[in-house]
There are 2 protein chains.
Amino acid sequence: MSKVRMEKLKPMDTRLSRWGKALAHPARIAIPRTLSQRDACVCAEIVDHLPLAQGTVSQHLKDLKNAGIITWTVEEPSSCYSLDKKTRSQLAGEMGRLFEEITSGCNSTTCSTKVKSK
Amino acid sequence: MSKVRMEKLKPMDTRLSRWGKALAHPARIAIPRTLSQRDACVCAEIVDHLPLAQGTVSQHLKDLKNAGIITWTVEEPSSCYSLDKKTRSQLAGEMGRLFEEITSGCNSTTCSTKVKSK
DNA sequence: TCCTTTTATCGCATCTATACGACAAAAGAT
DNA sequence: ATCTTTTGTCGTATAGATGCGATAAAAGGA
């Protein structure tokens, strides 16, 4: 999408869509889940749990880093990944609010507005 | 992603990633929000509120339909869109569980597992 | 210094997503 | 029967996402 068009959309919607995009791939769902369920913080272990090449997993990890979902510490030669606490709650909060909005509104089952003429 | 690879991932992760993908575009955040906040159920009004061509909006509406997020009734020549109640709660429920999982696990700040040798 | 280990990045190929304008479809109005 | 209105779909073009193997980088060990 072009920058011009993006600017005409609400910043909040763009921000939320970034959360969506970050979670728009099975591997990027599986990685945070793995980090929460197991102690597999080392990159190599994450790779072992996914049917993807190391380079590909590293790319997904980068996406999750950019989205602020995970943090990492470098302990050469390995990297330790973990879930970002601060952003976790922010994610849950913002998405929760979105769901509240969506859940609370528009209870009509038929069309309430019509365009009869111009 | 190829079918072979998809099959090696958990079905739950694939299902959740579809929710993410459906919400991975600002327009597909804005449309459900509009449907919840206003009574703009007629397609033409949705188009008026977005900086996108009618055909493009129709495509996004199709995506949201396929994801099960919105429902619609046809009242020729117009279409009335609304949020899908059943799927709304499902979405909130599944995503909520994911966030719970993510939020509850992995409190360590340093690496807990290391691969020293093979 | 030269290997080993581990991870990030690059180059490339392919597939998907997104956008637009133009057109098709459907039903009421004239 | 024809026109109008509204929406869905198509063809096409471009940008982004995704994948892999190969390579670079960084630090410790031999």
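Keep in mind the model is a prediction, meaning the values are calculated, not measured. Hydrogens, waters and symmetry mates play no part in the numbers below; they use all other heavy atoms, side chains included. Here is how names work: the chains are called A, B, and so on, in the same order as the sequence lines, proteins then strands, and each is numbered from 1.
Residue B/Ser79 places at least one side-chain N or O closer than 4.0 Å to OP1 or OP2 of D/dG8. Within the 4.0 Å cut-off from OP1 or OP2 of D/dA17, not a single side-chain nitrogen or oxygen of A/Arg28 is found. At the phosphate of D/dG8, OP1 or OP2 sits under 4.0 Å from a side-chain N or O atom of B/Tyr81.
To the nearest angstrom, P of D/dG8 lies 12 Å from CG of B/Asn66. Counting to the nearest Å, the P atom of D/dT7 and the CD1 atom of B/Ile31 are 13 Å from each other. Rounded to an integer number of Å, the gap from CG of B/Leu61 to P of D/dG8 is 7 Å. The interatomic distance linking B/Gln54 (CD) with D/dG8 (P) rounds to 7 Å, in whole Å. As a whole-Å value, the separation of B/Leu23 CG from C/dT18 P is 12 Å. The separation between A/Arg18 atom CZ and D/dA17 atom P is 12 Å, rounded to whole Å. A straight line from CG of A/Leu50 to P of C/dT7 spans 14 Å, rounded to a whole angstrom. Atom-to-atom, CG of A/Leu52 to C1' of D/dA17 comes out at 13 Å; the value is rounded to the nearest Å.
Nearest nucleotide to the side chain of A/Lys65, out of C/dA8, D/dC20, D/dT7: C/dA8. Side-chain atoms of A/Ala44 lie closest to C/dT7 of the nucleotides C/dT7, C/dA8, D/dT7. When each of D/dG21, C/dA8, C/dT18 is scored by its nearest atom to the side-chain atoms of B/His60, the top-ranked nucleotide is C/dT18. When distances run from any side-chain atom of A/Lys21 to the nucleotides D/dA17, D/dC20, C/dA8, the shortest one goes to D/dA17. With distances taken from any side-chain atom of B/Cys43 to the nucleotides C/dT7, D/dG8, C/dT18, the minimum falls on D/dG8. Distance from the side chain of A/Ser58 is smallest to C/dT9 among D/dG21, C/dT9, C/dG21. In this structure, of C/dT18, D/dT18, D/dG8, it is D/dT18 that holds the atom nearest to the side chain of A/His25.
For C/dA17, its base never sits under 3.5 Å from the side chain of B/Gln59 at any donor and acceptor pair.
Within the 4.5 Å cutoff, the side chain of A/Ser58 has no heavy atoms near those of the A/Lys62 side chain. In this structure, B/Leu23 and A/Leu23 have side chains that are not in contact, with every pair of non-hydrogen atoms separated by 4.5 Å or more. Residues B/Gln59 and B/Leu52 are not in side-chain contact: their nearest non-hydrogen atoms beyond the backbone lie 4.5 Å or more apart. Between B/Leu50 and B/Ile31 there is a side-chain heavy-atom pair separated by less than 4.5 Å. Taking the side chain as every heavy atom from C-beta outward, B/His60 and B/Asp63 approach each other to under 4.5 Å.
Two residues, A/Ala24 and B/Thr56, neighbour DNA chain D, and the one matched to the more 5' nucleotide by heavy-atom proximity is B/Thr56.
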